[in-house]
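Some notes on the structure that comes next.
The sequence lines fix the lettering, A, B, ..., with proteins before strands; numbering per chain opens at 1.
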Protein chains: 2
Amino acid sequence: MDKQVLFQKFVAFTTSVHEVTDELTKDVKSDTITPVQYSILEYLAVSQPATLSQISDCLPMSMPNTSRELRKLGEKNLCEKFDVAEDRRKQYIRLSKEGQAMMNEAFQRIEKRFLQRIQGTSEEDLEQIELALDVLSSRVFHSR
Amino acid sequence: MDKQVLFQKFVAFTTSVHEVTDELTKDVKSDTITPVQYSILEYLAVSQPATLSQISDCLPMSMPNTSRELRKLGEKNLCEKFDVAEDRRKQYIRLSKEGQAMMNEAFQRIEKRFLQRIQGTSEEDLEQIELALDVLSSRVFHSR
DNA sequence: GGATTTACTTATCAAATGATAAGTAAAGAG
DNA sequence: CTCTTTACTTATCATTTGATAAGTAAATCC
């Protein structure tokens with residue numbers, strides 16, 4: 001296997017993934033929040049509850065800036081903090097009901113666009129796609 | 001096929017792709033340029049020569065801002081403008097020798113990290129990966 | 001029990017980015 | 001030949017983002 005060729009395919013592929021996700025998520029962001037704030041909500045939608053440190057590590061964003069943006073999201077009633085019983089320094093952060101609703105709506109719009117994108121794909125091809133997602137997730141795009 | 005499940009895998013997958021590409025491209029950006037400027041150079045590396053309008057459409061970024069950032073890149077001697085003979089309103093933009101060198105170096109560092117990431121993968125699995133990239137590129141992540 | 005580390009906050013500052021208004025010059029349309 | 005459109009520039013401004021310094025309070029280490 002020529003790994004140089006594989007790398008070129010990899011680069012082209014990741015570029016396409018970025019383009020397509022940009023297209024799918026275009027305009028789903030409520031105009032009351034900034035892009036960075038959306039990315040926090042998106043992270044929470046998948047990984048809640050999360051501590052501030054986790055969010056800061058994963059996005060990635062410095063602790064002070066993460067703290068600031070979470071405060072703003074809190075002021076907009078989109079997420080909430082909860083004390084952690086075992087360690088009173090920590091705080092779990094969750095989407096509020098409102099935040100959850102906003103993200104549900106966003107994901108629904110993205111899903112609709114996604115389904116449009118794969119409409120007309122045969123059952124066989126869909127299974128190939130699912131397999132391919134699994135292969136790449138486990139072999140290439142795993143976090144370490 | 002449950003398309004809902006497929007969508008969930010799709011979302012998780014694109015998130016991973018973003019995380020991994022962030023990791024691979026971390027610190028390859030020269031500290032003399034901003035992230036937006038890097039994205040312009042990256043676009044040029046793949047699609048040069050390009051007009052300002054093309055860059056503006058694809059990135060996406062307003063014309064005035066694209067113009068400003070290209071001027072800054074020009075001042076840093078990373079890209080150059082050429083008149084288009086057929087239409088004197090247009091200008092082709094290309095990486096300069098210096099800009100090309102910077103991007104080559106960046107891509108080399110990314111490739112090195114990529115190869116580390118897939119080191120120890122069997123020949124058989126590598127072929128599976130290549131196949132999976134092809135499947136997803138053609139069936140899901142093609143541009144509209 | 002004092003020192004250190006962890007988790008997070010507050011405040012402040014500079015730089016990057018996005019948006020808009022107002023221009024120039026060339027091309028194309030009628 | 002004038003009018004409109006296209007391609008791009010310049011200037012300006014507000015907002016967002018990133019980075020750093022300095023703090024609090026709780027947990028952990030020795």
Side-chain angles (χ1 to χ4, degrees), chain A residues 18 22 25-44 47-76 78-94, chain B residues 18 22-23 25-44 47-76 78-94 102:
Chain A
H18 280 91
D22 281 357
T25 58
K26 201 173 222 169
D27 310 320
V28 301
K29 303 167 179 62
S30 152
D31 52 2
T32 62
I33 59 173
T34 69
V36 171
Q37 285 166 11
Y38 178 82
S39 71
I40 293 178
L41 294 182
E42 198 177 47
Y43 178 80
L44 285 174
S47 309
Q48 66 182 335
T51 65
L52 201 144
S53 308
Q54 277 177 276
I55 299 171
S56 171
D57 284 348
C58 295
L59 282 186
M61 203 184 215
S62 72
M63 286 271 288
N65 293 335
T66 308
S67 178
R68 175 185 61 199
E69 298 308 321
L70 281 172
R71 181 177 48 71
K72 288 181 186 170
L73 286 170
E75 284 165 2
K76 291 174 184 169
L78 295 170
C79 68
E80 294 164 342
K81 294 178 184 176
F82 297 90
D83 288 346
V84 176
E86 313 87 63
D87 188 336
R88 295 202 301 167
R89 291 170 305 178
K90 293 186 183 177
Q91 302 206 301
Y92 277 141
I93 293 141
R94 287 201 196 88
Chain B
H18 280 92
D22 281 358
E23 193 199 311
T25 59
K26 202 175 221 168
D27 309 320
V28 302
K29 304 166 181 60
S30 151
D31 52 3
T32 61
I33 59 171
T34 70
V36 171
Q37 284 166 12
Y38 178 82
S39 71
I40 293 178
L41 294 182
E42 200 177 45
Y43 178 80
L44 284 175
S47 308
Q48 66 182 334
T51 65
L52 201 144
S53 307
Q54 275 178 279
I55 299 171
S56 172
D57 284 348
C58 294
L59 279 185
M61 201 186 216
S62 71
M63 287 270 286
N65 293 335
T66 308
S67 178
R68 175 185 62 202
E69 298 308 321
L70 280 173
R71 180 177 48 72
K72 288 181 186 168
L73 287 171
E75 284 165 2
K76 291 171 185 170
L78 294 170
C79 67
E80 294 163 341
K81 294 178 183 176
F82 297 90
D83 288 345
V84 176
E86 314 87 62
D87 187 337
R88 297 202 300 168
R89 291 169 307 178
K90 293 187 182 176
Q91 303 207 301
Y92 276 142
I93 293 141
R94 287 201 196 87
M102 177 188 279

Contacts of B:Asp22 meeting side chain to side chain contact (heavy atoms under 4.5 Å, CB included) (sequence neighbours excluded), chain-then-number -> none

Partners of A:Lys81 by side chain to side chain contact (heavy atoms under 4.5 Å, CB included), sequence neighbours excluded?
A:Gln91, A:Ile93

Does OP1 or OP2 of C:dT10 have a side-chain N or O of A:Ser67 closer than 4.0 Å?
no

Quickly work out the B:Lys72 NZ to D:dT10 P distance and round it to whole Å.
13 Å

Rounded to the nearest Å, what distance is computed from the CG atom of residue A:Leu70 to the C1' atom of nucleotide C:dT10?
14 Å

At what distance, to the nearest 0.5 angstrom, does CD1 of A:Ile40 lie from CG of A:Leu73?
5.5 Å

Rounded to whole Å, please give me the gap between NZ in B:Lys81 and P in D:dA7.
15 Å

Set of side-chain hydrogen bond (donor to acceptor under 3.5 Å, both in side chains) partners for A:Ser47, sequence neighbours left out:
none

Just do the side-chain contact (heavy atoms from CB on, under 4.5 Å) check on B:Ile33 and B:Met102 with the steps written out, would you?
CA-CA 11 Å; B:Ile33 59 171; B:Met102 177 188 279; 4.1 Å; yes

Assign A:Gln91 to base, sugar-phosphate, or nothing according to its heavy-atom contacts below 4.0 angstrom with the strands shown.
sugar-phosphate

Between atom CD in B:Gln37 and atom P in C:dG18, what is the gap in whole Å?
12 Å

Length of the line joining A:Lys90:NZ and C:dT5:P, which is rounded to integer Å
18 Å

Could you list all the salt bridge (charged side-chain N to carboxylate O under 4.0 Å, His left out) pairs where at least one residue sits in residues 51-68 of chain B, not counting sequence neighbours?
none

Going by the rule side-chain hydrogen bond (donor to acceptor under 3.5 Å, both in side chains), which residues pair with A:Glu75 if we only count those two or more places apart in sequence or in a different chain?
A:Arg71

Whole Å only: how far is the CD1 atom of A:Ile33 from the P atom of D:dT16?
11 Å

Side chain to side chain contact (heavy atoms under 4.5 Å, CB included) involving A:Thr66 - partner list, sequence neighbours excluded
A:Leu52, A:Ile55, A:Ser56, A:Met61, A:Leu70

Nucleic acid contacts - residues 51-58 of chain A versus DNA chain C, non-hydrogen atoms under 4.0 Å:
A:Thr51, A:Leu52, A:Ser53

With sequence neighbours excluded, what pairs up with A:Glu80 under the side-chain hydrogen bond (donor to acceptor under 3.5 Å, both in side chains) test?
none

By side chain to side chain contact (heavy atoms under 4.5 Å, CB included), A:Pro49 pairs with (sequence neighbours left out) A:Tyr92, A:Arg94

Please state how far atom CD in A:Glu69 lies from atom C1' in D:dT17, giving the value in whole angstrom units.
8 Å

What does the B/S/- profile of nucleotides 18-27 of chain D look like, 5' to 3', with a 4.0 Å heavy-atom cutoff to protein?
BBBB----BS

A:Glu69: what forms a side-chain hydrogen bond (donor to acceptor under 3.5 Å, both in side chains) with it, not counting sequence neighbours?
A:Gln37

Rounded to the nearest Å, what distance is computed from the NZ atom of residue B:Lys76 to the C1' atom of nucleotide C:dA16?
11 Å

Taking five pairs at each end of the helix from C:dG1-D:dC30 to C:dG30-D:dC1, what angle separates the two helix axes (nearest 10°)?
30°

